[in-house]
Structure formats: C-alpha cells, structure tokens
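Bear in mind the structure is a predicted one, so any value in this text is a computation, not a measurement. Reckoned from all heavy atoms, side chains included, excluding hydrogens, waters and symmetry mates.
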Amino acid sequence: MTEFQEKMRQQLESSMHTELEKLVGTAKGNDAKVAQKDFEGFKRLFHQFLQVKGPSVDWAKIHRPPEDSIQPYEVISTHGLPAGVPESVALNKLAVVKLNGGLGTSMGCKGPKSIISVRSENTFLDLAVQQIEHLNKTYNADVPLVLMNSFNTDEDTKKILQKYTHHRVKIHTFNQSRYPRINKESLLPIATNLGLTGENAEAWYPPGHGDIYASFHNSGLLDQLIAEGKEYIFVSNIDNLGATVDLHILNHLIAQPADKRCEFVMEVTDKTRADVKGGTLTQYDGKLRLLEIAQVPKAHVDEFKSVTKFKIFNTNNLWISLPAIKRLQDQNALDLEIIANPKTLDGGLNVIQLETAVGAAIKSFDNALGINVPRSRFLPVKTSSDLLLVMSNLYSLDAGSLTMSPKREFRTTPHVKLGSSFTKVQDYLKRFESIPDMLELDHLTVSGDVTFGKQVTLKGTVIIIANHGDRIDIPAGAMLENKIVSGNLRILDH
C-alpha cells in the first residue's frame, strides 16, 4: 500500500467512525448500547475490508487437504462410546444451534423462513423442536435448542416460541448483529438513523452466519451453556432438513482424549453438478481452510468448479467446541475472510454488505476435521422445487426427521426444476391438488401455466412446458413416464 493509499484508507476509516457515532447518537438507552456493540464488530470488518484488495487467497498455495484430515463417515460411525456409558452422557454435553436469521421472501412468504410449512403442516421450526424433544425423551437427556435470530426474524420467532412451552426442550435465542449497508461509491453508511422503517428500511442487514461467534459471546449465552456443562454446539441452517443430531459424530468428539480434542468438525459431502458453487475444504498454509467461490481469482473459477479437483463441498453442518469459541473470542483470534456482497436496492442505489461465513473459522481451531457424510445429511429447502421433493412420498417423516423411502430404488433425489409460476409457495400449493407420486422419478422440468390433478404419478424423465398464453392441466390419476408434454397438450415419448 503506497503512502497516498494509506492516507486515503485512514481518511475513509475516520469518516466511517464519525458516521457511526452520529447514528448511535440518534438512539437512546439500550438501543444505543446494542448499536455501539454491533458497530465495534463492524469497524473491525470495515478495517479489514479496506486492507484487502483483490482475491483473498493466493491460488498457488491451495492444495488438496491431506487424506487423514477428511474422514469417511463410515469410519467414524464404527466407533461408539466406551461400553456401559449411556448416550445421555454425550448428549448432555451438546446444544443444537439453528441459524434462523433468514426471511421467506425468496419463496414469496412474509416473516421468518422457519415458519413456512414444509411437511404435514409442520414448519422448519416445528421439525427442529420435534427432533430434539425426541432425543431428550428417548435418552433421558437435556439437549437445548438455540436459535440465532436476526433483527428481521426475532420478534415473529419469539411470538411463535410460546407454543413450545410444554415440549421437553429448552429453547434459547440470541440476535446476530445489525450492520449498516454502505454506499458503493462513498463507502459510507446509507442509514440516517437507527430506525428500520421508511427511508432506512433497506439500510441495514444481518452480516452472514460468521457473526455467530461474536454475537453468541456478547449475548452471555456462550458462558451460560459452558457453566451448564455443555462442550459442543451442533450448528446448521434451519432450512437443512437433513441436519439432525448424529450420535456417531458426537460420540467421536466426546471420546477423544482432552489434549487431542477436535475443536471443529465440518460435515462435507460429495459434489454433484448441482453443487459446483459450494464452498470446499482445502489445505492452505498448513491448515484446513474453507474456500468459497467469491474468494477465487476469476482465472481459476472453472478449476474451482471442477468435480475432479475439489470432490467435496461444505454442508454447513458444523460441530464446534464451546470452550474453544470462548478462548478465541477472548483473545480476539478468530480470523474470518470478508465476503463483500454487492447489492442493488429497489431505488437503484448500489451498496455493499460486508459479511463472513461461519465455516471460514475452521482454520482458527485446533485439530479441525472434515467428515465426509452421506448426501442425506444435506437436504436444504431453498426453492419450491426443493419443497416438492420433501413434501412427496420420496420421504417419510418420523419424530421430526425425514428419511428417504425404502421403496425408492436409487438413493439419489430426482432433479426437479419448477418454473417461475411456482416460485411463491402460495402459487405452488394452488397448482397441485395433491403431491404427485415421485418414487420412480429421475428428472422433472415444469415451465409455464401448469396444474396437477389428484394422484398423478411421475416416472423417469418428465418435461412439461406450457407456452406463453397456453395452459396445461395434468388430469387426475395420470401416469407420465418418460414424457414430454408440450403447449398443445400432445403427449410424446421421451
């Protein structure tokens, strides 16, 4: 950095600090205190952002991780707890954390995504509570559920939590930070005060799940769980229906000698063509490191997407030592790469969100490990196409957990692509009188104005395309196997 650049950087930082102080000055009492704490974290992130130019990795230093740093799940699952030790011993050292900061807007829903119904009238949150309650009852254990909310989801989530009062699961919540979006040109906050409405409605954002470490620590909940004898948290996205507590992984962690204790486990799974953009584990400067596509120099993006070089990707199911989080937070030693996320607001203003990812901290922990888990532990519901899969007879629901039907010959899920008419959950539900039988489906593409009658069966590859202005109604009881259905309702063999 030249002397001139350094001077510019210092001026920008000084201007940012002044603007943040002004924003804090627009609030009173606890609101001002919370903002002050949030802004401390933001200042560190902004400082880091000004230091880093270009991709944050040197491609020549990136290597495949050593064989023993990613263990196959089959090996882990052969080890259990020592004979005579009940499962409750390990479970009582665990807390489950669900990342609950996201809204359901991408699926056309208002409020937290976790309250969308996904199966038999159960929401993501219902399923999470049922899973943990089942564990606690089965093993006479005390595993609490912790929700990391954002300012977008906290109020609505807390209202809903009242319905779980009589369930056998303690539920805690804490809020991730609230950071200001910055103008892409001036690199200063676009907010005029700490309010969330009116002109400031788009001025704030939750800074990615990498914020879990600081906000968990700042909330006091980290210390509370350690005092209660908890040693590990199992962290996952609330919309990943495959992310259930796995006793084999937990037992593997608890059974290790204290001086060799693994502080961080990342569950990875084999890449398919659908996962080429997913973050992968690499060896970098002698440490395991998560590499995200946003960090890859443009010239190497195709290499990053290659399934031959990088065979696995991060499911964001993570097992993390609580004492280790406390140590690293107290020492301010967590090193997370910045993701500068460009956005264009409704009014056309270009802004930047500075974010971090929870898995990026893997390099800061001792004895970190990847475990290559079955694909069934990665079942995210991001779109209505995903929703169709989990609502269908491909899966059965038991105690909050989805398992693939034994009647399906192939253990992989079909590739489903529903068009824009199905994007919003409300529209999607109107287009299916009942969810089709998909046990023998390999591929489904639906585009345009299409509806499905009751008890439709889909097998093999089915492509249904209604041209603009046309409408296709698949009749009740229809069985489509390897068919292309076009806009004029002719049914052709595929």
Nearest 0.5 Å, please: how far is [atom2] in [Y] from [atom1] in [X]?
| X | Y | atom1 | atom2 | result |
| --- | --- | --- | --- | --- |
| I312 | L281 | CD1 | CG | 4.5 Å |
| N350 | N183 | CG | CG | 8.5 Å |
| Q176 | S219 | CD | OG | 12.0 Å |
| R119 | L241 | CZ | CG | 10.0 Å |
| L127 | S114 | CG | OG | 11.0 Å |
| S486 | I472 | OG | CD1 | 6.5 Å |

Would you mind reporting whether [Y] and [X] have side-chain heavy atoms less than 4.5 Å apart?
| X | Y | result |
| --- | --- | --- |
| V143 | V96 | yes |
| I212 | F174 | yes |
| P206 | N152 | yes |
| M404 | S376 | no |
| V373 | I249 | yes |
| I293 | K305 | yes |
| K343 | I352 | no |
| N316 | N240 | no |

Please state whether the rings of [X] and [Y] are parallel, tilted or perpendicular, taking 30° and 60° as the class boundaries.
| X | Y | value |
| --- | --- | --- |
| F432 | F422 | tilted |
| Y179 | F42 | perpendicular |
| F264 | F365 | tilted |

Does the [X] side chain pair with the main chain of [Y], one donor and one acceptor, at a distance under 3.5 Å?
| X | Y | answer |
| --- | --- | --- |
| Q455 | A476 | no |
| R408 | L441 | yes |
| N367 | R261 | yes |
| T138 | L135 | no |
| S150 | G101 | yes |
| D473 | P475 | no |
| S405 | Y395 | no |
| S364 | D335 | yes |
| N100 | N149 | no |
| T461 | N482 | no |

Would one find more than 12 heavy atoms of other residues, nucleotides or ligands at under 6.0 Å from atom [atom1] of [X]?
| X | atom1 | result |
| --- | --- | --- |
| E155 | CD | no |
| K309 | NZ | yes |
| K184 | NZ | no |
| K170 | NZ | no |
| Q48 | CD | yes |
| D398 | CG | no |

Exercise: do [X] and [Y] side chains pair donor with acceptor under 3.5 Å:
| X | Y | result |
| --- | --- | --- |
| N317 | S236 | no |
| Y284 | D58 | no |
| D246 | Y73 | yes |
| D275 | T272 | yes |
| H300 | E303 | yes |

task: Could you tell me whether W319 and Y232 have their ring centroids closer than 6.0 angstrom?
output: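 Judged by ring-centre distance (under 6.0 Å), W319 and Y232 do not meet the cut-off.
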Criterion salt bridge (charged side-chain N to carboxylate O under 4.0 Å, His left out) on R289 and E337, from CA distance to verdict: CA-CA 10 Å; R289 177 161 169 168; E337 291 85 21; 3.1 Å; yes
Intermediate values then yes/no, side-chain contact (heavy atoms from CB on, under 4.5 Å), L429 and D427: CA-CA 6 Å; L429 291 170; D427 297 340; over 6 Å; no
message: Could you walk me through whether D437 and V456 satisfy the side-chain contact (heavy atoms from CB on, under 4.5 Å) test, starting with their C-alpha distance in whole Å, then the side-chain angles of each, then the deciding distance to 0.1 Å, before giving a yes or no?
response: CA-CA 6 Å; D437 177 332; V456 170; over 6 Å; no
[X] versus [Y], closest heavy-atom pair with distance:
| X | Y | answer |
| --- | --- | --- |
| M107 | I116 | SD-CD1, 4.2 Å |
| L334 | A361 | CD2-CB, 3.7 Å |
| R168 | N136 | O-ND2, 3.1 Å |
| G242 | L379 | N-CB, 3.6 Å |
| G102 | T153 | O-CG2, 3.4 Å |
| H209 | N237 | CD2-OD1, 4.3 Å |

task: Using the six-membered ring of F124, assess whether NZ or CZ of K382 lies under 6.0 Å from its centre and within 45 degrees of the ring axis.
output: no
field: Ring-face cation of R431 near F452 (centre distance under 6.0 Å, axis angle within 45°)
entry: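 No; the conditions do not both hold, so R431 does not lie above the ring face of F452.
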Do [Y] and [X] meet the salt-bridge criterion of a basic N to acidic O distance under 4.0 Å?
| X | Y | answer |
| --- | --- | --- |
| E202 | R181 | no |
| D270 | K311 | no |
| D285 | K363 | no |

Member of L147, I238, L221, I233 meeting the side-chain contact (heavy atoms from CB on, under 4.5 Å) criterion with V97: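 Checked L147, I238, L221, I233 against V97; only one passes side-chain contact (heavy atoms from CB on, under 4.5 Å): I233.
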field: Given T383, L387, V118, the one that forms side-chain contact (heavy atoms from CB on, under 4.5 Å) with V425
entry: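 Looking at T383, L387, V118, the match for V425 under the side-chain contact (heavy atoms from CB on, under 4.5 Å) is L387.
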query: What's the verdict on side-chain contact (heavy atoms from CB on, under 4.5 Å) for K163 and D126, showing C-alpha distance, side-chain angles and the deciding distance?
result: CA-CA 10 Å; K163 77 179 201 182; D126 291 335; 3.0 Å; yes
field: CA sep, side-chain torsions, deciding dist, call: K459, L439, side-chain contact (heavy atoms from CB on, under 4.5 Å)
entry: CA-CA 8 Å; K459 296 182 179 185; L439 275 176; over 6 Å; no
